[in-house]
Amino acid sequence: APGDQRYNAGTMSELSVSTPHASAAINLRRLLAVRAITLGGLLITLWFAVARLGMALPTGTLLLVLAAMTGLSLATLWRLARPRPVGDCELFAQLLADVAALTVVLYYSGGSTNPFVTLYLLPLAMTAAALPGARVWWMAGITVACYSALYVWHVPMPHAAHAHGAEFGIHVAGMWLGFVLSAGLIAAFAARMSATLRQRDQQYHLLAEQAADGVLLVAADGRVADASPGAAVLLGRPRTALLKLSLADLVEADKAVDNVAGLLVLPSGRRLTSAFRLRRPGAASLEVEVSARRLVDGRLQLAMRDLAE
């Protein structure tokens with residue numbers, strides 16, 4: 001069909017697949033939810049430290065930072081209502097804004113001694129879950145650099161005027177609260193990301209079954225893990241027989257257009273379209289176009305289309 005991308009015979013090139021704009025928009029909305037919870041937690045902590053413990057914190061400066069991040073979130077919600085798609089760079093920039101705001105808050109409230117320093121794990125975990133590997137390393141380097149800088153440069157944490165010698169216990173309680181907040185938000189974000197990936201795989205599987213003549217699921221070792229009824233008809237073998245075979249058993253090795261071994265090492269996040277000549281018992285071999293994709297569970301999904309049709 002016009003506009004389709006195909007591979008030349010004898011090559012093992014791959015079709016690059018960028019992160020879908022829809023996924024980036026979903027992740028940006030999740031980031032805004034996490035940010036709202038974090039800002040609320042910091043605001044309540046600031047009120048408690050100043051009003052209840054009598055700590056002489058620079059309230060005006062800290063409130064200004066929290067207000068700026070709230071304004072950014074509102075502007076982002078407005079932006080998400082516009083038709084312009086969301087890209088990875090925009091999501092990464094939003095995460096960097098969170099790191100910058102957290103660094104300013106921590107600078108004015110004890111630096112690396114502030115128990116909420118564990119909140120640096122939030123943008124790092126979100127980057128690891130939603131963005132390519134290069135940006136993960138950038139985020140890791142940036143958060144480590146900010147944490148290290150706060151170890152040297154910061155405004156010391158003021159004493160609690162109403163603590164009556166219980167400052168160590170308050171600090172320990174703050175560490176506990178910071179850890180619980182970070183762990184809870186990371187777990188919630190990771191669970192939603194996992195659910196999104198599973199849903200996308202299921203949708204792709206259904207679309208592949210509808211568009212293809214047959215679908216195979218291939219395990220990491222190359223053995224057939226499952227086969228659709230259409231694949232059984234296409235290959236002239238019952239499903240039970242296909243489950244005893246490997247992908248190499250089905251391909252005519254001397255006539256294969258592409259290398260099966262290369263197909264089996266297809267990385268996650270990539271799709272590949274290849275032409276294969278498949279063996280059929282008691283019948284002539286069949287040339288098919290195979291569209292391959294690595295699923296979240298590590299298996300390969302192969303959507304086959306009969307090129308003779």
Check your understanding: In terms of hydrophobic clustering (I, L, V, M, F, W, Y; side-chain heavy atoms under 4.5 Å; direct or indirect links), are Leu243 and Leu245 co-clustered?
Key -> yes
Exercise for review: Indicate whether the side chain of Thr76 and that of Gln94 have a donor and an acceptor atom separated by less than 3.5 Å.
Suggested key: yes
Check your understanding: Can you name the one residue among Thr61, Leu62, Leu63 that meets side chain to side chain contact (heavy atoms under 4.5 Å, CB included) with Thr59?
Key -> Leu63
Check your understanding: Side chains of Arg135 and Thr127: is there a donor and an acceptor less than 3.5 Å apart?
Key -> no
Study note, to complete from the structure: Nearest heavy-atom approach of Ser112 to Val117 is O-CG1, 4.2 Å
Point to revise | Flag side-chain contact, heavy atom, 4.5 Å: Asp98 against Leu122 | key: no
**Study point:** Shared hydrophobic cluster for Leu119 and Trp47 (ILVMFWY, side-chain gaps under 4.5 Å)
**Key:** yes
Exercise for review: Using distance alone, with no hydrogens and no angle criterion, decide if Tyr120 and Thr103 have a side-chain donor and acceptor under 3.5 Å apart.
Suggested key: yes
Review point. Considering only heavy atoms from C-beta outward, does the side chain of Arg35 approach that of Met69 to under 4.5 Å?
Key: yes
Point to revise | Side-chain heavy atoms of Thr273 within contact of Val290, under 4.5 Å | key: no
Review point. Got Arg239 and Pro229 here, is their nearest side-chain heavy-atom distance under 4.5 Å?
Key: no
**Study point:** Residues in side-chain hydrogen bond (donor to acceptor under 3.5 Å, both in side chains) contact with Ser246, at least two apart in sequence or another chain
**Key:** Asp249
Check your understanding: Looking at Leu250, Leu302, Asp226, which one forms a side chain to side chain contact (heavy atoms under 4.5 Å, CB included) with Val218?
Key -> Leu302
Exercise for review: State, with a plain yes or no, whether a side-chain heavy atom of Arg79 is found less than 4.5 Å away from one of Arg84.
Suggested key: yes
Revision key, fill the gap. Residues Ala225 and Ala219: closest non-hydrogen pair is CB-N, 4.2 Å
**Study point:** Heavy-atom pair of closest approach, residues Pro267 and Arg294
**Key:** O-CB, 3.9 Å
Point to revise | Atom pair CG/CG of Leu124 and Leu95 - distance to nearest 0.5 Å | key: 10.0 Å
**Study point:** Flag side-chain contact, heavy atom, 4.5 Å: Met139 against Met126
**Key:** no
